Amino acid sequence: MKLQKKGEVEILNDLITTIIAATAGLVAIIGGFLVSRVIAIASEQNGIKRRIKEIDNDRIAKKDMLANAIEFLFQDDLNDFVSKDNIKRIIHGKTLEEVIEEDEYNYLSKEELEPYYKQVKEMSNELFELHGSTDDYYEEFSVFKKFFTEYKYPYRMNWYERIFEVIDDMAQPEATGPFVNFKYRSTTPPNINTDYKDTQKERDRLIDDIRVLDLQLNDILKKYIMITANPNGYGVAYWFLCMHVWLELFILQRCCLIQKKYMMMC
């Protein structure tokens, strides 16, 4: 009877050893899967982060280009407003509303034009004052600005030149008043900016590109959040490993109790 019980104890010991070995093997397999999955997830996250950075850099570059295009178009529209005809209207005391109505100008709003309307008035008065301070006559603005080098708006020299020409054009031989010191000159045709339409197309293209990049960035951020919050396969494997280890520990505990009982009986 003792030999039989001893044999049963040895069988139980072999069972425990087998369970331990099987558990260790399974833990190694699942653990290896978990490690490989963690590495794969980290690699995927790094790839997404690089793509996010690329898209963001592209968005920043295109937004800078868009801002430059918008500024170019604004300045071009503004230069259209500061035409010789409108300068003449402003010199004659027309209000901004009257200038806009007479010119049928509709590129920029009244609010956008207000500060530049005031600039043209100030610049016109400035040129009258400068010319009135000398008895000399200057036919060309390029000569005039060599003698008068200080201006209130030095970054608007093209406007000063245009105003100078308008005043000179308005100074007919029989002119009196503020135009008496100016000599008549023939008008020159305005320059046509051939880049305007190209810049409009570039602006529209950049707006579309930025919109597409925004959508791409939104999609890839959603993917990144999904991968980070719910890594595919990782949770299932981890749950299976925990359940298996718990089950094996439970079996080992029961086996140990049975083994202890047999040992006491022997």
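Since the structure is predicted, the reported quantities are computational estimates derived from the model, not experimental observations.
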Go through the structure and list residues passing side-chain contact (heavy atoms from CB on, under 4.5 Å) with [X], not counting sequence neighbours.
X    : result
I60  : D56, D64
T149 : none
L78  : F74, Q75, L108, L113, Y116, R156, W159
I207 : L66, R203, R211

Just to verify, what does [X] make a ring pair (Phe, Tyr, Trp, His ring centres under 6.0 Å) with, not counting sequence neighbours?
X    : answer
F147 : Y138
Y151 : Y160
Y117 : none

Quick check for you: to the nearest 0.5 Å, what is the distance between [X] atom [atom1] and [Y] atom [atom2]?
X    : Y    : atom1 : atom2 : result
I210 : L217 : CD1   : CG    : 12.5 Å
L127 : K145 : CG    : NZ    : 12.5 Å
D198 : Q200 : CG    : CD    : 9.5 Å
I70  : K63  : CD1   : NZ    : 11.5 Å
D103 : D85  : CG    : CG    : 7.0 Å
I55  : I48  : CD1   : CD1   : 10.5 Å

Heavy-atom side-chain proximity of Y137 to H131 below 4.5 angstrom: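 Result yes, sub-4.5 Å side-chain heavy-atom pair found.
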Heavy-atom side-chain proximity of H92 to M170 below 4.5 angstrom: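 A side-chain contact under 4.5 Å exists here.
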K121 NZ: over 12 foreign heavy atoms closer than 6.0 Å: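 12 or below, so no.
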Residue Y107 excluded, over 12 heavy atoms near OH under 6.0 Å: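 Not more than 12 within 6.0 Å, no.
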side-chain contact (heavy atoms from CB on, under 4.5 Å) evaluation trace for N79 with N158: CA-CA 10 Å; N79 277 321; N158 59 326; 3.8 Å; yes
Is there a path of hydrophobic side-chain contacts, each under 4.5 Å between heavy atoms of I, L, V, M, F, W or Y residues, that connects [X] with [Y]?
X    : Y    : result
M157 : F81  : yes
L73  : M65  : no
L206 : L215 : no

R162 side-chain N/O to V82 backbone N/O, donor-acceptor pair under 3.5 Å: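 A pair under 3.5 Å: yes.
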Side-chain donor/acceptor of N57 to backbone N/O of K53, under 3.5 Å: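 Checking the backbone N and O of K53 against the side chain of N57, a donor-acceptor pair under 3.5 Å is found.
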Contacts of type salt bridge (Lys or Arg N to Asp or Glu O under 4.0 Å), residue [X], not counting sequence neighbours:
X    : result
D77  : none
E122 : K152
E202 : R205
R50  : none

If every non-hydrogen atom of [X] is compared with every non-hydrogen atom of [Y], which pair is closest and at what distance?
X    : Y    : result
T199 : A69  : CG2-O, 3.7 Å
F164 : E140 : CE2-C, 3.9 Å
I91  : S124 : CG1-OG, 3.8 Å

Residue among N218, V212, D214, D219 satisfying side-chain contact (heavy atoms from CB on, under 4.5 Å) with Q216: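 Option passing the side-chain contact (heavy atoms from CB on, under 4.5 Å) with Q216: V212.
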Taking only distance into account, with no hydrogens and no angle test, what donor-acceptor pairs under 3.5 Å do side-chain atoms of residues 95-102 form with protein atoms, sequence neighbours excluded?
from: T95; atom 1: OG1; to: E98; atom 2: N; distance (Å): 3.2
from: T95; atom 1: OG1; to: E98; atom 2: OE1; distance (Å): 3.4
from: E97; atom 1: OE2; to: K110; atom 2: NZ; distance (Å): 3.3
from: E98; atom 1: OE1; to: T95; atom 2: N; distance (Å): 2.9
from: E102; atom 1: OE1; to: R89; atom 2: NE; distance (Å): 3.0
from: E102; atom 1: OE2; to: K94; atom 2: NZ; distance (Å): 3.1

